[in-house]
Peer 1: 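Here's a structure for you.
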Amino acid sequence: TKGYRGSWVVRTTLGKWVRARNVVLACSGFQIPSPAPFGQNLPRRVQQLHSSEYKNPAQLPDGAVLVVGSGQSGTQIAAELAEAGRKVYLCVGSRSLRIPRRVRGRDFTWWLYKTGLFDTRVADLPAHAQEAKRFGPNPSSAPGRDVRLRELCHKHGLVLLGRAKGVAGDDGETLELEWSTLPLNMQKIESNVQRMQLFIERFIQEHRDGDLELEGLPPLELEPDVPLPDCETAPIKTLSLRDAGVAAVVHCTGYRLNYEALVNLPNLYGAKGYPLQDRGAALHHPGLYFLGLPWMHKWKSAVLCGVAEDAAHVARGIAARRAGGRPAAAAGQLTARAAHAQAWASHFDLLDGSAERVFLREVGGGGRAPLRYARLKQFIAEELCLHEFGIGQGDRLCVVLPNGPEAAVCFLGMSLFCTYAP
């Protein structure tokens, strides 16, 4: 949360409070698993898990497996299960794509760097495409090889399904599907391979002169001619989970952001909890930075080998803030260094308990006695008993008081017990 004089205050899992002028939240964009909503209506006999929990085929009970989602995780998990001899049903998403693993003998990731695709800036995309990139699935690929869904259908009996809409029936055993869009979605998935190959071929033709890395490349890899499987040409309209023998469902449906659990301030987040930032710097909260977000600045912003560029930019921003200096501490003000050296759990422990030092003094000759720190601490510890009213940590207390000494005392005291909203 925000501290005083432009600082930030962070509480660690050990209960220690740390004050800093700058905070960097390098927490990526994969925070809370987001399973398909219809999972809560599935019968109890069906074991469910998210892709983040999946380890290997032996982890699942005997029987068929329904894999929901055909991004990177969904494709790889479906392939592993099918190749292990399991009967697999795969719900194909509407935004899924496939990329070739290698083009002209080079890994596709190498081409992302070479062609500059990885340096595509999110600001150069249309507004609707920005959200699609930030929240959409990653193109389907697997380490070291191509995973072709149609091949898996013919070789290992994989069954392709349309996007899952929900479950029907009193027993929740009938899976409803968007079956009519499956052929189009599969065409989009496979045609993206040719689209990427053509893009790279055009790049080679335009840049090969004088570039040694583009000379002597092997021929373009040809995609095998795989017939369309029956499940694609005649899609299944609904699937009876019981009749299909489905015993487990793996939700490969991505994650949602949860930065609000760390810091929740006005004008900090936009759609779906995505931080409002410019190259990592929070737009409305100086000193707060983010790293590792999908498409934070460029395509490669969330990739391990691409985050360094954003990190360097954030570091320069922090250095610029440091060079700008900060206001000097007021006389008698407890500094961050002194506070850090003390053992304390809240601001109550940092209040001066001496009977001499004055916390509030009336000006203008009103005749009220000064409020000293010792009396303030006594009032908070012995007389301000919000727990007796059932108010505690996690509760929000709205207090309506005019600005003045009473409001200041209430703020300091009540904020120790609950979330205080003046």
Side-chain angles (χ1 to χ4, degrees), residues 26-84 86-98 131-143 147 149 152 158-167 172-178 185 189 239 241-242 244-262 271-274 292-295 302-304:
C27 306
S28 81
F30 309 98
Q31 293 163 4
I32 296 183
S34 181
F38 70 82
Q40 60 186 350
N41 298 321
L42 288 173
R44 291 187 177 181
R45 68 168 188 82
V46 177
Q47 178 182 334
Q48 299 186 61
L49 67 159
H50 188 263
S51 57
S52 59
E53 304 169 290
Y54 174 84
K55 303 298 181 185
N56 53 62
Q59 177 187 9
L60 303 179
D62 293 337
V65 182
L66 173 68
V67 178
V68 183
S70 52
Q72 282 194 7
S73 296
T75 299
Q76 294 177 26
I77 290 174
E80 181 177 72
L81 289 168
E83 291 167 351
R86 305 296 290 269
K87 184 65 178 180
V88 179
Y89 296 86
L90 175 64
C91 290
V92 177
S94 60
R95 294 185 293 172
S96 301
L97 296 172
R98 182 167 75 86
E131 181 171 344
K133 292 292 187 182
R134 283 174 168 170
F135 298 104
N138 289 319
S140 172
S141 63
V147 176
L149 298 180
L152 291 173
L158 175 73
V159 177
L160 302 176
L161 304 173
R163 192 180 73 87
K165 296 191 298 183
V167 293
E173 291 281 359
T174 302
L175 183 67
E176 297 183 317
L177 303 165
E178 289 185 0
N185 290 335
I189 289 173
L239 180 70
L241 301 179
R242 186 177 298 279
V246 173
V249 175
V250 183
H251 296 272
C252 303
T253 44
Y255 298 77
R256 61 183 176 87
L257 298 172
N258 191 34
Y259 279 102
E260 291 94 335
L262 294 175
K272 301 180 182 179
Y274 198 95
L293 288 166
W295 284 84
V303 183
L304 185 61

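We count residues from 1, following the sequence as given. What you see below is based on every heavy atom in this structure, not just the backbone, and it leaves out hydrogens, waters and symmetry mates.
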Peer 1: Give the intermediate values and the outcome of side-chain contact (heavy atoms from CB on, under 4.5 Å) for residues Leu66 and Leu161.
Peer 2: CA-CA 10 Å; Leu66 173 68; Leu161 304 173; 3.9 Å; yes
Peer 1: According to ring pair (Phe, Tyr, Trp, His ring centres under 6.0 Å), who are the partners of Tyr259, at least two apart in sequence or on a separate chain?
Peer 2: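 Tyr259: ring pair (Phe, Tyr, Trp, His ring centres under 6.0 Å) contacts with Phe290.
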Peer 1: Can you name the residues that form a ring pair (Phe, Tyr, Trp, His ring centres under 6.0 Å) with Phe30, not counting sequence neighbours?
Peer 2: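 For Phe30 the ring pair (Phe, Tyr, Trp, His ring centres under 6.0 Å) partners, ignoring immediate neighbours, are Tyr255.
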Peer 1: Tell me whether Ser70 contacts the main-chain N or O of Thr75 through its side chain, where contact means a donor paired with an acceptor under 3.5 Å.
Peer 2: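 Such a contact is absent between Ser70 side chain and Thr75 backbone.
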Peer 1: With side chains defined as the heavy atoms from C-beta onward, is the minimum distance between Pro143 and Gln76 less than 4.5 Å?
Peer 2: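 They are in contact (side-chain heavy atoms under 4.5 Å apart), so the answer is yes.
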Peer 1: So if I apply the side chain to side chain contact (heavy atoms under 4.5 Å, CB included) rule between Leu175 and each of Leu241, Val68, Leu42, which one comes out positive?
Peer 2: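 Of Leu241, Val68, Leu42, side chain to side chain contact (heavy atoms under 4.5 Å, CB included) with Leu175 is met by Leu241 alone.
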Peer 1: Donor-acceptor check, side chain of Tyr274 to backbone of Phe135, threshold 3.5 angstrom: yes or no?
Peer 2: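 Such a contact is absent between Tyr274 side chain and Phe135 backbone.
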Peer 1: Measuring from Leu262:CG to Gln31:CD, what's the distance to the nearest 0.5 Å?
Peer 2: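 The CD atom of Gln31 is 7.0 Å from CG of Leu262, to the nearest 0.5 Å.
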Peer 1: Sequence neighbours left out, what pairs pass salt bridge (charged side-chain N to carboxylate O under 4.0 Å, His left out) with at least one residue falling in residues 64-84?
Peer 2: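 Non-adjacent pairs meeting salt bridge (charged side-chain N to carboxylate O under 4.0 Å, His left out): Glu83-Arg145.
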Peer 1: What residues, two or more places apart in sequence or in another chain, satisfy salt bridge (charged side-chain N to carboxylate O under 4.0 Å, His left out) together with Arg163?
Peer 2: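 Checked Arg163 against salt bridge (charged side-chain N to carboxylate O under 4.0 Å, His left out); matches are Glu178.
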Peer 1: According to salt bridge (charged side-chain N to carboxylate O under 4.0 Å, His left out), who are the partners of Glu176, at least two apart in sequence or on a separate chain?
Peer 2: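 If we apply the salt bridge (charged side-chain N to carboxylate O under 4.0 Å, His left out) test to Glu176, skipping adjacent residues, there are no hits.
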Peer 1: Not counting sequence neighbours, list each pair that qualifies as a salt bridge (charged side-chain N to carboxylate O under 4.0 Å, His left out) and has a residue in residues 57-67.
Peer 2: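 Non-adjacent pairs meeting salt bridge (charged side-chain N to carboxylate O under 4.0 Å, His left out): zero.
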Peer 1: Just by modelled atom types, is the Val65 backbone N or O under 3.5 Å from a matching donor or acceptor in the Arg86 side chain?
Peer 2: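 Flag not set: sc Arg86 to bb Val65 has no pair under 3.5 Å.
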Peer 1: Below 4.5 Å, heavy atoms only, C-beta onward: do Leu152 and Val88 meet side chain to side chain?
Peer 2: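 Result no, sub-4.5 Å side-chain heavy-atom pair not found.
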Peer 1: Return the NZ to CD distance between Lys272 and Glu131, rounded to the nearest 0.5 Å.
Peer 2: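 So the NZ of Lys272 and the CD of Glu131 are separated by 4.5 Å.
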Peer 1: Which distance, rounded to the nearest 0.5 Å, do you find between the CG of Asn185 and the CG of Leu160?
Peer 2: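 Going from the CG atom of Asn185 to the CG atom of Leu160 covers 11.0 Å.
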Peer 1: Where is the tightest heavy-atom contact between Val159 and Lys87, given as atom of each residue plus distance?
Peer 2: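 Between these two residues, the closest heavy atoms are CG2-NZ, 3.5 Å.
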Peer 1: Phe38 vs His251 aromatic rings, parallel, tilted or perpendicular, using cut-offs 30° and 60°?
Peer 2: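 Because their plane-to-plane angle lies in the 30° to 60° range, the rings of Phe38 and His251 count as tilted.
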Peer 1: For a quick test of reading the model, state the closest non-hydrogen atom pair linking Gly74 to Leu90 and the distance between them.
Peer 2: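 Looks like O-CD1, 4.3 Å.
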Peer 1: Please list all pairs meeting salt bridge (charged side-chain N to carboxylate O under 4.0 Å, His left out) that have one or both residues in residues 32-52, counting only residues at least two apart or in different chains.
Peer 2: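 Of all non-adjacent pairs touching residues 32-52, those that pass salt bridge (charged side-chain N to carboxylate O under 4.0 Å, His left out) are Arg45-Glu173.
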Peer 1: So do the side chains of Gln72 and Ser141 get within less than 4.5 Å of each other, counting heavy atoms only?
Peer 2: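 Yes - at least one pair of side-chain heavy atoms lies under 4.5 Å apart.
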Peer 1: Arg95: which residues meet the side chain to side chain donor-acceptor pair (under 3.5 Å) condition with it, sequence neighbours left out?
Peer 2: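 For Arg95, no residue satisfies side chain to side chain donor-acceptor pair (under 3.5 Å) once neighbours in sequence are set aside.
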Peer 1: Taking side chain to side chain donor-acceptor pair (under 3.5 Å) as the definition, give me every residue that meets it alongside Ser52, ordered by chain and number, with sequence neighbours left out.
Peer 2: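 Once residues adjacent in sequence are excluded, the partners of Ser52 under the side chain to side chain donor-acceptor pair (under 3.5 Å) criterion are His50.
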Peer 1: Return the set of residues passing salt bridge (charged side-chain N to carboxylate O under 4.0 Å, His left out) with Arg256 (not counting sequence neighbours), or none when no residue passes.
Peer 2: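 With sequence neighbours excluded, Arg256 shows a salt bridge (charged side-chain N to carboxylate O under 4.0 Å, His left out) to no residue whatsoever.
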Peer 1: Do Cys252 and Val67 come within less than 4.5 Å of each other through their side chains, counting heavy atoms only?
Peer 2: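 Yes, at least one pair of side-chain atoms sits under 4.5 Å.
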Peer 1: Starting at OG of Ser96, measure out to CG of Leu149 and round the result to the nearest 0.5 Å.
Peer 2: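 Here the interatomic distance stands at 8.5 Å.
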Peer 1: Is it true that a side-chain atom of Arg98 and a backbone atom of Ile189 form a donor plus acceptor pair closer than 3.5 Å?
Peer 2: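 No.
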Peer 1: Could you check if a side-chain atom of Leu81 sits within less than 4.5 angstrom of a side-chain atom of Leu60, using non-hydrogen atoms only?
Peer 2: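 Yes. Closest side-chain heavy atoms under 4.5 Å.
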Peer 1: Once salt bridge (charged side-chain N to carboxylate O under 4.0 Å, His left out) is applied, do any residues pair with Lys55, and if so which ones, sequence neighbours excluded?
Peer 2: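 Checked Lys55 against salt bridge (charged side-chain N to carboxylate O under 4.0 Å, His left out); zero matches.
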Peer 1: Give me the atom names and distance for the closest heavy-atom approach of Ala302 to Gly292.
Peer 2: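 So the two residues come closest at CB-O, 3.6 Å.
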Peer 1: Identify the two heavy atoms, one from Leu293 and one from Ser28, that lie closest to each other, and give their separation to 0.1 Å.
Peer 2: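 Between these two residues, the closest heavy atoms are CD2-O, 4.0 Å.
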Peer 1: Looking at every non-hydrogen atom in both residues, tell me the closest pair between Pro43 and Gly172 and how far apart they are.
Peer 2: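 Pro43 and Gly172 have their closest heavy atoms at CD-O, 3.1 Å.
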Peer 1: Can you list the residues that meet the side chain to side chain donor-acceptor pair (under 3.5 Å) rule with Thr253, with sequence neighbours excluded?
Peer 2: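 Applying side chain to side chain donor-acceptor pair (under 3.5 Å) to Thr253 gives none.
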Peer 1: Which pair of heavy atoms, one from Gly273 and one from Leu257, lies closest together, and at what distance?
Peer 2: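 Looks like O-CD1, 3.6 Å.
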